[in-house]
Amino acid sequence: AMQQTGLAKDAEVELRDLHRRSPQDSEVCVLLGYLQLCLGNSSATTTLQDAVAQTSSRALRKSLAGMAKIYLALALDSQELGDSQVRAEQLVREGLGLHRNLQ
């Protein structure tokens, strides 16, 4: 909600704080990575890599894992590096297969 009202930077600070307090909360990690991606923050890739690792290593909602992979693919795609493009395409395919609303 804060992002939609123009308070994205405040939302990022709050999500970072929440992520620090609950580093194993995969949903917070995905939300933080997504917000960083929307803001053009270079740390989005690292945050989303953590989110993919967290959602892949636990029996969590498949949709959350799918979101993490698709957002990471977008972050990698924005880097425009050769290897990251191939990985981005792979992540999109995997993410689409996991996220029930995108099937």
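Since this is a predicted model, take the numbers as computed values, not measurements.
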### Task
Give the intermediate values and the outcome of side chain to side chain contact (heavy atoms under 4.5 Å, CB included) for residues Leu76 and Leu91.
CA-CA 10 Å; Leu76 291 172; Leu91 286 164; 3.6 Å; yes
### Message
Which residues pass the side-chain hydrogen bond (donor to acceptor under 3.5 Å, both in side chains) test with Asp50, not counting sequence neighbours?
### Response
none
#### Entry: Contacts of type side-chain contact (heavy atoms from CB on, under 4.5 Å), residue Val28, not counting sequence neighbours
Leu15, Leu18, His19, Asp25
### Query
If you look at every heavy atom in Ser43 and Gln36, which pair is closest and at what distance?
OG-NE2, 3.3 Å
### Query
Roughly how far, to the nearest 0.5 Å, is SG of Cys29 from OH of Tyr71?
13.0 Å
### Message
Let me confirm one number: the CZ-CD1 distance from Arg93 to Ile70, rounded to the nearest 0.5 Å.
### Response
12.5 Å
### Task
Identify, with sequence neighbours excluded, every residue that meets side-chain contact (heavy atoms from CB on, under 4.5 Å) alongside Ser42.
none
### Query
At their closest point, which heavy atom of Gln49 faces which heavy atom of Leu72, and how far apart are they?
CG-CD1, 3.7 Å
### Query
What are the two closest non-hydrogen atoms of Gly33 and Ala44, and how far apart are they?
O-CB, 3.8 Å
### Task
Please check if the side chain of Thr55 supplies one atom and the backbone of Val52 the other of a donor-acceptor pair under 3.5 Å.
yes
#### Entry: salt bridge (charged side-chain N to carboxylate O under 4.0 Å, His left out) contacts touching residues 38-49 (sequence neighbours left out)
none
### Message
Under the rule for side-chain hydrogen bond (donor to acceptor under 3.5 Å, both in side chains), what residues qualify as partners of Arg21, not counting sequence neighbours?
### Response
Asp17
#### Entry: Non-hydrogen atoms of Leu37 and Leu74 that approach each other most closely
CD2-CB, 3.8 Å
### Query
Atom NZ in Lys9, atom CG in Asn41: separation rounded to 0.5 Å?
6.5 Å
### Query
Closest heavy-atom contact between Ala75 and Ser78?
O-OG, 2.7 Å
### Query
With sequence neighbours left out, what residues match Ser22 under side-chain hydrogen bond (donor to acceptor under 3.5 Å, both in side chains)?
none
### Task
Output every pair passing salt bridge (charged side-chain N to carboxylate O under 4.0 Å, His left out) with a member in residues 27-42, not counting sequence neighbours, ordered by first then second residue.
Glu27-Arg61
### Task
Any salt bridge (charged side-chain N to carboxylate O under 4.0 Å, His left out) involving residues 65-75? Give me the pairs, sequence neighbours left out, ordered by first then second residue.
Lys69-Glu94
### Taking every non-hydrogen atom, the tightest pair across Ala73 and Val92
CB-CG2, 3.5 Å
